[in-house]
Amino acid sequence: MHLKVPSSQEAEASPTSNHRVNIPSSALKKSRGYASEEEVLLVVTVINSTYFKRKRGRTALIPSEPEYSKHTVLGGLVLAVMAGNHPVSNLTQHIKLTFKHTKQVDNGICVFWQELDYRTGHWSRDGCDTSHSGSEFICSCDHLSFFAVLVNPELSVDKTNSDNLSYITYIGSALSVFFTVISLIIYICLQRRRPEKAIALHMQLTGALFCLHLSFLLCSFWVSLLKENEESLVCKLLGFLLHWSLLATLTWTALEGFHLYLLLVRVFNIYVRRYLLKLGLVGWGLPTLVAVVCGISGVYGKYTLQLKDDKNRSSTTQICWMSSQFPHRLVVSYITTLAFPCLVILYNSCMLGVVVFKLWGVRRSSGGTQSSSDWKKMNKENRSRLWKDCATVLGLSCVLGLPWGLETTTFTSLPAIYVFTILNSLQGLFMFLWSVALSCKSRSENNSSIRDLSSQKMMTTSFNN
């Protein structure tokens with residue numbers, strides 16, 4: 001788009017329906033330089049981003065900020081804005097550039113192309129500010145140049161895969177609700193028969209999982225009853241319940257790791273007065289505090305995700321969660337559903353590593369020089385112990401919530417999303433299997449030292465009231 005505009009007035013141009021530019025009169029006057037003409041030539045157009053190549057050898061789009069190295073240009077288009085015959089920079093009144101988008105894009109940053117030498121350069125955000133209104137990015141820059149919005153590359157999940165993942169999640173959550181109820185019954189019977197602090201912790205974690213999967217099913221069901229643009233107080237309450245139960249599950253998972261730390265690292269002098277009461281205040285109190293603060297801030301409501309089918313037709317799916325209209329939803333979501341789980345998984349992974357080290361040490365100390373007549377028998381026993389050790393580590397990994405760690409892999413591939421969905425929707429089933437293993441273990445009379453660890457006998461002797 002080429003047009004003559006008066007330099008004494010503000011200019012506006014829209015080369016496409018998704019791009020718009022507002023240029024203040026001060027920028028147009030500056031573009032004239034010392035020329036006396038009242039009108040200046042304004043050029044506003046869009047260019048394919050493939051023409052903008054980074055300097056060879058660079059690993060980042062923005063120097064000193066390698067976290068933007070994997071970002072892509074929104075829509076693959078660069079907005080070029082030129083005026084007059086004089087460079088325009090350091091404006092006190094910034095130009096305003098609007099980039100509309102139809103995809104579900106949560107974050108982006110306004111940048112311009114800073115040329116280094118012939119046909120090479122890099123993206124820079126110097127002099128540009130970014131704001132996001134939900135359906136468009138608004139860039140405010142103090143110069144004229146080639147502009148674009150860098151966004152994180154999105155993994156494409158079409159409507160077919162979305163429906164498949166939804167069915168898997170609904171079925172898995174329904175099974176988890178059923179099995180967590182049975183697990184709670186088993187833990188209650190075990191607790192009456194042999195009161196142990198570890199079993200009490202398992203009960204709390206199982207209860208949090210029950211709330212999590214039940215609230216997810218309720219959120220999905222209730223939002224299907226609402227109209228597209230209809231808001232509901234019940235949906236906000238269900239979003240609060242879902243977020244609270246997720247935080248409670250993660251918190252009790254972290255407390256399971258803390259309990260293992262006391263057992264395996266400190267071992268001695270670990271008596272804590274009113275131990276379960278203090279854990280309960282943390283396990284239920286911290287999620288309640290965070291969820292209440294988020295609720296007062298107006299975080300909860302309908303969350304809308306846009307999808308496309310095989311014919312590139314758009315559709316939406318909704319759930320009662322954090323409202324898509326809340327301006328700081330991304331900040332809350334990243335802290336509570338990404339950063340916090342990562343910290344929990346990192347800590348519990350270290351605890352599981354300690355368990356594996358202890359198992360290995362026990363096996364080495366229990367071994368010895370065997371006669372040739374006993375070699376075949378010992379090999380059979382060692383294979384049996386190996387399977388039991390693997391089952392113990394696998395069960396502990398589920399109790400410690402390590403399947404949540406697959407959340408970080410969902411940004412890489414579609415199969416990773418399927419694996420994450422299957423494993424985490426069936427957490428209630430895994431807790432049921434662990435409760436059955438503990439129930440069977442409590443009836444066994446001849447336990448080895450490693451089985452004493454997995455059945456929590458050390459926990460009993462270490463935490464007597």
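Predicted, not measured: the structure shown is a model, and the values here were computed from it.
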Hey, what do you get for [atom1] ([X]) to [atom2] ([Y]), rounding to the nearest 0.5 Å?
X    : Y    : atom1 : atom2 : answer
L237 : L218 : CG    : CG    : 12.0 Å
L209 : S245 : CG    : OG    : 9.5 Å
H143 : L91  : NE2   : CG    : 9.0 Å
H19  : L77  : NE2   : CG    : 5.0 Å
L352 : L400 : CG    : CG    : 6.0 Å
I168 : S173 : CD1   : OG    : 11.5 Å

What's the shortest heavy-atom distance between [X] and [Y], and which atoms?
X    : Y    : value
P341 : L250 : CG-CD1, 3.5 Å
C110 : D129 : SG-O, 4.0 Å
T130 : G108 : CG2-O, 3.7 Å
F210 : V181 : CE1-CG2, 3.6 Å
I199 : Y187 : CG2-O, 3.7 Å
L184 : G207 : CD2-N, 4.0 Å

Do the side chains of [Y] and [X] get nearer than 4.5 Å, heavy atoms only?
X    : Y    : answer
V43  : V81  : no
L426 : L175 : yes
L28  : V5   : yes
T253 : L205 : yes
L79  : F146 : no
F99  : C139 : yes
E12  : I23  : no
F216 : I319 : yes

Do you see a donor-acceptor pair shorter than 3.5 Å between the side chains of [X] and [Y]?
X    : Y    : answer
W244 : T288 : yes
S25  : Q9   : no
S183 : T206 : no
H94  : S140 : yes
N18  : T16  : no

I would like to know whether H86 and V88 meet side chain to side chain contact (heavy atoms under 4.5 Å, CB included); could you show each step before the answer?
CA-CA 6 Å; H86 193 271; V88 178; 5.8 Å; no
Just wondering, are more than 12 heavy atoms of other shown residues or ligands nearer than 6.0 Å to CZ in F178?
no
Any chance CH2 of W222 has more than 12 other-residue heavy atoms, nucleotides or ligands included, within less than 6.0 Å?
no
Quick one: does any side-chain atom of [X] pair with a main-chain N or O of [Y] as donor and acceptor, under 3.5 Å?
X    : Y    : answer
S176 : S425 : yes
K30  : S89  : yes
S224 : F221 : yes
N424 : P403 : yes
T180 : V177 : yes
T249 : A208 : yes
T251 : G283 : no

Under the side chain to side chain contact (heavy atoms under 4.5 Å, CB included) criterion, do L276 and K197 qualify, and how do the steps go?
CA-CA 7 Å; L276 289 179; K197 299 298 185 294; 3.5 Å; yes
Applying ring-ring contact (aromatic ring centres under 6.0 Å, His included), can you list everything that pairs with H243, at least two apart in sequence or on another chain?
Y300, W321
Determine, using ring centers only, whether H259 and H202 are less than 6.0 Å apart.
no
Are F179 and F432 near enough that their ring centres are under 6.0 Å apart?
yes
Return yes when the gap between the SG atoms of C235 and C320 is under 2.5 Å; return no otherwise.
yes
For a side chain to side chain contact (heavy atoms under 4.5 Å, CB included) check, start with the C-alpha distance between W113 and F147, then their side-chain angles and the critical distance, and finish with the verdict.
CA-CA 7 Å; W113 183 255; F147 300 96; over 6 Å; no
In sequence, state the C-alpha distance, the side-chain angles, and the governing distance for N348 and E256, and then conclude on side chain to side chain contact (heavy atoms under 4.5 Å, CB included).
CA-CA 8 Å; N348 284 355; E256 289 275 5; 5.6 Å; no
Yes or no on side chain to side chain donor-acceptor pair (under 3.5 Å) for S333 and T337, after CA distance, side-chain angles and deciding distance?
CA-CA 5 Å; S333 179; T337 64; 3.2 Å; yes
